[in-house]
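One structure is given below, encoded as structure tokens.
Residues take their numbers from the sequence shown, with the count starting at 1. Just so you know, these numbers use all the heavy atoms, side chains as well, and skip hydrogens, waters and symmetry mates. What you see is a predicted model, and the numbers here were worked out from it, not measured in a lab.
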Amino acid sequence: QAQVEESGGGSVRTGDSLTLSCKFSKFSFDEFAVAWFRQAGGMKRQEVAKISMRGDRTWYADSVKGRFTISRIDTENTAYLQMNNLGSADTAMYYCGVVSTTGLPGEEDVSRFGYWGRGSQVTVSS
């Protein structure tokens with residue numbers, strides 16, 4: 001059974017950087033698009049960034065554009081989310097979703113057809 005595992009979260013200060021990793025335990029990782037989501041306490045899950053299966057298309061939420069970068073290394077079966085200039089509004093549980101699609105997946109795509117990780121907590125304090 002395919003598994004998705006996030007790592008790299010932690011507690012940092014405002015302005016710091018973190019890199020989250022999403023490792024997918026399935027050999028055909030290059031057939032899957034990847035999306036990062038986040039959910040703060042009591043809030044709905046929010047889309048953060050997405051990358052296509054070939055890595056040639058990306059999408060970012062306006063709130064993270066210019067600060068976050070999504071990437072993937074298929075030989076490592078891993079996708080990354082580089083997060084710079086973190087602020088308190090970035091505090092959330094970050095989830096990785098992986099789904100076999102030629103497009104950029106949304107939350108429903110992952111829930112219906114893909115795989116979720118269990119999340120990695122990011123806490124930003126001043």
Side-chain angles (χ1 to χ4, degrees):
Q1 179 154 349
Q3 290 187 332
V4 179
E5 185 173 3
E6 304 94 337
S7 61
S11 296
V12 296
R13 297 282 194 176
T14 298
D16 284 352
S17 298
L18 276 176
T19 299
L20 300 180
S21 299
C22 170
K23 189 162 182 70
F24 186 46
S25 300
K26 191 172 179 72
F27 71 94
S28 56
F29 183 59
D30 59 358
E31 296 178 2
F32 289 78
V34 179
W36 284 97
F37 302 80
R38 66 186 181 187
Q39 188 170 24
M43 307 289 286
K44 288 182 61 176
R45 191 173 292 187
Q46 175 191 26
E47 298 177 337
V48 177
K50 309 175 188 181
I51 188 166
S52 61
M53 69 166 63
R54 292 194 178 92
D56 57 345
R57 284 179 291 155
T58 58
W59 174 93
Y60 297 94
D62 287 343
S63 58
V64 306
K65 206 172 289 184
R67 300 188 299 121
F68 289 14
T69 303
I70 189 170
S71 61
R72 60 188 297 155
I73 301 178
D74 290 345
T75 55
E76 297 178 358
N77 278 20
T78 303
Y80 299 93
L81 185 67
Q82 172 70 42
M83 307 184 293
N84 297 327
N85 193 21
L86 287 162
S88 58
D90 298 314
T91 294
M93 182 71 80
Y94 283 71
Y95 297 92
C96 179
V98 179
V99 61
S100 181
T101 178
T102 57
L104 296 173
E107 182 177 1
E108 185 174 346
D109 296 316
V110 179
S111 295
R112 292 183 65 188
F113 306 113
Y115 307 92
W116 287 105
R118 293 186 177 184
S120 182
Q121 178 67 38
V122 173
T123 303
V124 186
S125 58
S126 57

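One distance of note links CD of Q82 with OG of S21; it measures 10.0 Å at 0.5 Å rounding. Atom CG of residue N84 and atom OG1 of residue T19 lie 7.5 Å apart, to the nearest 0.5 angstrom. In this structure, OH in Y95 is found 11.0 Å from CZ in R118, a value given to the nearest 0.5 Å. Atom-to-atom distance recorded for Y94:OH and M83:CE is 5.5 Å, nearest 0.5 angstrom. Atom CG of D74 is separated from atom CE of M53 by 10.0 Å, given to the nearest 0.5 angstrom. Between the CZ atom of F68 and the CZ atom of R38 there is a distance of 5.5 Å, given to the nearest 0.5 Å.
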Take Y60 and I70, measure what side chain to side chain contact (heavy atoms under 4.5 Å, CB included) needs, and give me the verdict at the end.
CA-CA 9 Å; Y60 297 94; I70 189 170; 3.4 Å; yes
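Not a single donor-acceptor pair under 3.5 Å links the side chain of Q3 to the backbone N or O of S25. In this structure a side-chain-to-backbone donor-acceptor pair under 3.5 Å is present from S100 to E31. Checked by atom type and distance alone, the side chain of T91 pairs as donor or acceptor with a backbone atom of V124 at under 3.5 Å. The main-chain N or O of V99 is never found under 3.5 Å from a side-chain atom of T101 such that the two would form a donor-acceptor pair. Of the possible polar contacts, none joining the R57 side chain to the K50 backbone as a donor-acceptor pair under 3.5 Å is found.
A 6.0 Å sphere centred on CD of E76 holds more than 12 heavy atoms belonging to other residues, nucleotides or ligands.
Annotation for G119 and M93: closest pair C-SD, 3.6 Å, computed over non-hydrogen atoms. In this structure, A49 and L81 approach most closely via the heavy-atom pair CB-CD1, 3.9 Å. Across all their heavy atoms, P105 and V110 have their closest contact at CB-CG2, 4.4 Å. The two residues F29 and T78 have their closest heavy-atom pair at CE2-N, 3.5 Å. Nearest heavy-atom pair, W116 versus G97, reported as atom, atom and distance to 0.1 Å: CE3-CA, 4.1 Å. Residues S120 and G9 come closest through the heavy atom pair OG-N, 3.0 Å.
Within the structure, salt bridge (Lys or Arg N to Asp or Glu O under 4.0 Å) pairs that include any residue of residues 10-23 do not occur (at least two apart or interchain).
For K44, the salt bridge (Lys or Arg N to Asp or Glu O under 4.0 Å) test picks out no residue, with sequence neighbours left out.
If you chain together hydrophobic residues whose side chains sit under 4.5 Å apart, F37 and F24 never meet in one group. V48 and L18 fall within the same hydrophobic cluster, where Ile, Leu, Val, Met, Phe, Trp and Tyr residues are linked whenever their side-chain heavy atoms come under 4.5 Å apart, directly or through other members.
The shortest side-chain heavy-atom distance between V34 and I51 falls under the 4.5 Å cut-off. Looking at heavy atoms from C-beta onward, E6 lies in side-chain contact with W36 at the 4.5 angstrom threshold. A 4.5 Å side-chain heavy-atom check between L20 and V122 finds at least one atom pair inside the cut-off. The side-chain heavy atoms of T102 and S52, taken from C-beta on, include no pair separated by under 4.5 Å.
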